[in-house]
Trainee: 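Below you'll find the structure I mean.
Naming convention: chains lettered A, B, ... in sequence-line order (proteins, then strands); numbering from 1 in each chain.
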Protein chains: 2
Amino acid sequence: MALEHAILVSLLEKPGSGYELARRFERSIGYFWTATHQQIYRVLKRMESDGWVDVRDVPQYGRPDKKEYSVAAPGRQALSAWLGEPTEPESVRHDLAVKVRGAAFSDPAALIDEVERHREAHTARLAHYRAGETRDFGTPPADGGLDAERELQHVVLRGGIAYEQMMIAWLDDVLATLARFRTGD
Amino acid sequence: MALEHAILVSLLEKPGSGYELARRFERSIGYFWTATHQQIYRVLKRMESDGWVDVRDVPQYGRPDKKEYSVAAPGRQALSAWLGEPTEPESVRHDLAVKVRGAAFSDPAALIDEVERHREAHTARLAHYRAGETRDFGTPPADGGLDAERELQHVVLRGGIAYEQMMIAWLDDVLATLARFRTGD
DNA sequence: CATTGCTATGCAACGAGGTGCATAGCAGGA
DNA sequence: TCCTGCTATGCACCTCGTTGCATAGCAATG
């Protein structure tokens, strides 16, 4: 399990409440690790009782109070330990690949709409990534120095961009292949 | 859930036992959808009681008997229905991306070995895919016709190849980035 | 004959993840 | 005033996936 570690990284980048973490998991971090708010609250509880994070009640005006979590020393150690131990091949779940192979036993052309929907979703995400890259990494840092946090976030984002580009190209390949089996071919 | 559908596709491509399915999930299908043998046996039971698959006892000599499953009409219908309904963005789990962002708060250089291990794994898988492509799709089909099953399997394999190439290129990018934070830089 | 190893099937238990629902404060508009 | 909507936290339940273990047939090896 690595949700705890993803939360540690997010809290190290910036302390926040469970609700704020949930929103981060809908954008930046969420593109590489998904989690719902219930999952996050549950794990935060456990991390708190394990002493990995500290909690601070933050009264707010104009909205409900919140609990702000930040990483404690044992949490940092746990993260370092995890970084050091080998993690294995992320288990893949590409339902679209299953569908493409399954289309051979049904109507291949019926899958075209679905593939196009996915292509649009990936195109939108690519545009989103690129906008983020321009916004956050378009200009070199003010001090001109080497900022590990910034550089490593950037290389992860480049990975996201490469992934989306690859997917779009592959989906075009799929569409071209499916088109060859159109009825009346 | 789509394990049932992955099993349907695999059984349509070739009927087989739970054991044989489990082995297929370690290679071809397994590159896009993972499953353990316990999971497969459990789901096969449910699919059988739902009438999606038929079972046939196959006595074997020199090894234990087996139950050979094949897809029944309702199973085919279920697959077609699933192909038609929209499936959503595969939930991503890239622990390596989390680790890379986390490395900013630990020793970035300590991650190099781990990234190299992943690079080797992806290189090996790419070689495996390419060997499979040459073996199965290196020469055009004997009848020269358009075989949907064959063509669609090929396009999925091309997707796997594209994915591995992208990953290797990205991991090189990560390694170059991490190297800039070596101690004594 | 005992051990190892592969084929083949399965149970039990646990933990992770997801869905639905509940609660509550407060703002803004109909 | 009521309703909608956003922030904020949480419980209960159920399914999926994984781990460990058990059983059993048969072959090959020492």
Side-chain angles (χ1 to χ4, degrees), chain A residues 1-7 10-11 15-27 29-30 32-50 53 55-69 82 87-95 98, chain B residues 1-7 10-11 15-27 29-30 32-50 53 55-69 82 87-95 98:
Chain A
M1 223 277 285
L3 176 53
E4 304 147 75
H5 304 109
I7 289 176
S10 194
L11 288 179
S17 67
Y19 188 81
E20 283 162 355
L21 281 171
R23 306 207 61 187
R24 287 182 213 172
F25 272 82
E26 284 170 9
R27 11 178 220 88
I29 301 273
F32 314 106
W33 203 273
T34 58
T36 61
H37 79 272
Q38 289 86 347
Q39 230 184 115
I40 291 167
Y41 282 123
R42 199 190 302 150
V43 172
L44 275 174
K45 276 267 159 85
R46 187 172 65 226
M47 291 170 76
E48 186 193 340
S49 71
D50 288 349
V53 292
V55 202
R56 194 170 63 94
D57 273 335
V58 178
Q60 296 192 115
Y61 304 96
R63 61 179 62 176
D65 298 348
K66 67 174 180 178
K67 298 183 186 175
E68 195 183 75
Y69 291 87
W82 178 67
T87 323
E88 253 347 90
E90 335 78 50
S91 69
V92 188
R93 290 282 146 112
H94 282 191
D95 49 8
V98 177
Chain B
M1 224 276 284
L3 176 53
E4 303 147 73
H5 303 108
I7 289 176
S10 194
L11 289 180
S17 68
Y19 188 82
E20 284 161 355
L21 282 171
R23 306 208 61 188
R24 289 183 212 171
F25 272 83
E26 283 169 9
R27 9 177 222 92
I29 300 272
F32 314 106
W33 203 274
T34 58
T36 60
H37 79 271
Q38 288 87 347
Q39 230 184 114
I40 291 167
Y41 282 123
R42 199 191 301 151
V43 172
L44 275 175
K45 276 267 159 88
R46 188 172 63 227
M47 290 169 76
E48 185 192 342
S49 71
D50 288 351
V53 292
V55 202
R56 195 169 63 93
D57 274 333
V58 178
Q60 296 191 115
Y61 304 95
R63 60 178 62 176
D65 298 348
K66 66 174 182 179
K67 298 183 186 174
E68 195 182 75
Y69 292 88
W82 177 67
T87 322
E88 251 349 271
E90 336 77 51
S91 70
V92 188
R93 290 281 146 109
H94 282 191
D95 49 8
V98 177

Trainee: So, do A/E68 and A/P15 sit near enough that their side-chain heavy atoms are less than 4.5 Å apart?
Mentor: yes

Trainee: Expressed in angstrom and rounded to an integer, what is the separation of A/D65 atom CG from D/dT9 atom C1'?
Mentor: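 Those two atoms, CG and C1', are 12 Å apart.
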
Trainee: Side chains of A/I7 and A/F25: closer than 4.5 Å at any heavy-atom pair?
Mentor: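 The answer is yes; the side chains approach within 4.5 Å.
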
Trainee: Does some side-chain heavy atom of A/K66 sit less than 4.5 Å from a side-chain heavy atom of A/E20?
Mentor: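 In short, these two side chains touch, coming nearer than 4.5 Å.
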
Trainee: Holding to side chain to side chain donor-acceptor pair (under 3.5 Å), I want the full list of residues that pass it with A/K67, two or more places apart in sequence or in another chain.
Mentor: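 For A/K67 there are no side chain to side chain donor-acceptor pair (under 3.5 Å) partners, ignoring immediate neighbours.
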
Trainee: Taking only side-chain nitrogens and oxygens of B/Y41, does any of them come within less than 4.0 Å of OP1 or OP2 of C/dG10?
Mentor: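 Result: no.
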
Trainee: Write down the distance between CG (A/L44) and P (D/dC11), rounded to a whole number of angstrom.
Mentor: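 Result: 13 Å.
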
Trainee: Got a second to check how far A/L44's CG is from A/L21's CG, nearest 0.5 Å?
Mentor: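 That separation rounds to 6.0 Å.
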
Trainee: I need the minimum non-hydrogen distance between B/L3 and B/A35, along with the two atoms involved.
Mentor: CD1-CB, 3.8 Å

Trainee: Return the value, rounded to whole Å, for the distance between atom CD of A/E20 and atom P of D/dT7.
Mentor: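 Going from A/E20 (CD) to D/dT7 (P), I get 10 Å.
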
Trainee: Starting at atom CZ of A/R56, determine the distance to atom C1' of D/dA8, rounded to an integer number of angstrom.
Mentor: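 Distance, rounded to whole Å: 16 Å.
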
Trainee: Just so I know, are the side chains of A/W82 and B/D95 near enough to count as touching, which here means a heavy-atom distance under 4.5 Å?
Mentor: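 Side chain of A/W82 against side chain of B/D95, heavy atoms only: contact under 4.5 Å found.
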
Trainee: Are there any protein N/O atoms within less than 3.5 Å of an N/O atom in nucleotides 20-28 of chain C, and if so, which ones and at what distance?
Mentor:
residue : atom : partner : partner atom : Å
C/dG20  : O6   : A/Q38   : NE2          : 2.9

Trainee: When you measure from the side chain of A/R24 to the backbone N and O of A/S10, does any donor-acceptor pair fall under 3.5 Å?
Mentor: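 Confirmed, A/R24 side chain pairs with A/S10 backbone.
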
Trainee: Looking at B/Y19, I'd like to know whether one of its side-chain N or O atoms comes within less than 4.0 Å of OP1 or OP2 on C/dT7.
Mentor: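 Affirmative; the distance criterion is met.
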
Trainee: Starting at atom NZ of B/K66, determine the distance to atom P of C/dT7, rounded to an integer number of angstrom.
Mentor: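 The answer, rounded to whole Å, is 12 Å.
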
Trainee: Which whole-number value in Å describes the distance from B/R23 CZ to C/dT7 C1'?
Mentor: 9 Å

Trainee: When the axes are fitted on five pairs at both termini, how much does the helix from C/dC1-D/dG30 to C/dA30-D/dT1 curve, in 10° steps?
Mentor: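 That helix gives 0° between its end axes.
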
Trainee: Between A/R93 and B/F32, is there a donor-acceptor pair closer than 3.5 Å when you use the side chain of the first and the backbone of the second?
Mentor: no

Trainee: Would you indicate, yes or no, if D/dT7 has its OP1 or OP2 atom less than 4.0 angstrom from a side-chain nitrogen or oxygen of A/S17?
Mentor: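 No, A/S17 has no side-chain N/O under 4.0 Å of OP1/OP2 on D/dT7.
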
Trainee: Polar atom pairs between nucleotides 14-17 of chain C and protein, under 3.5 Å, N or O only, would you list them?
Mentor:
residue : atom : partner : partner atom : Å
C/dG17  : OP1  : B/R93   : NH1          : 3.1
C/dG17  : OP2  : A/Q39   : OE1          : 3.3
C/dG17  : N7   : A/R42   : NH1          : 3.0

Trainee: Tell me the closest heavy-atom pair linking A/S17 and A/Y69, and the distance in Å.
Mentor: CA-CD1, 4.4 Å

Trainee: Can you measure B/I40 atom CD1 to C/dC11 atom P for me and round it to whole angstrom units?
Mentor: 15 Å

Trainee: With a 4.0 Å limit, can you tell me whether A/K67 has a side-chain N or O closer than that to the phosphate oxygens OP1/OP2 of D/dT9?
Mentor: no

Trainee: Please table the atom pairs, donor to acceptor, closer than 3.5 Å between any side-chain atom in residues 57-65 of chain B and protein atoms at least two apart or in another chain.
Mentor:
residue : atom : partner : partner atom : Å
B/Q60   : NE2  : B/P64   : O            : 2.7
B/D65   : OD1  : B/Q60   : N            : 2.8

Trainee: Sort and list the pairs that fulfil salt bridge (charged side-chain N to carboxylate O under 4.0 Å, His left out) and have at least one residue in residues 36-50 of chain A, not counting sequence neighbours.
Mentor: A/E4-A/R46

Trainee: Starting at CD of B/E26 and ending at P of C/dC6, how long is that distance when rounded to a whole Å?
Mentor: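 Distance check: B/E26 CD to C/dC6 P gives 12 Å.
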
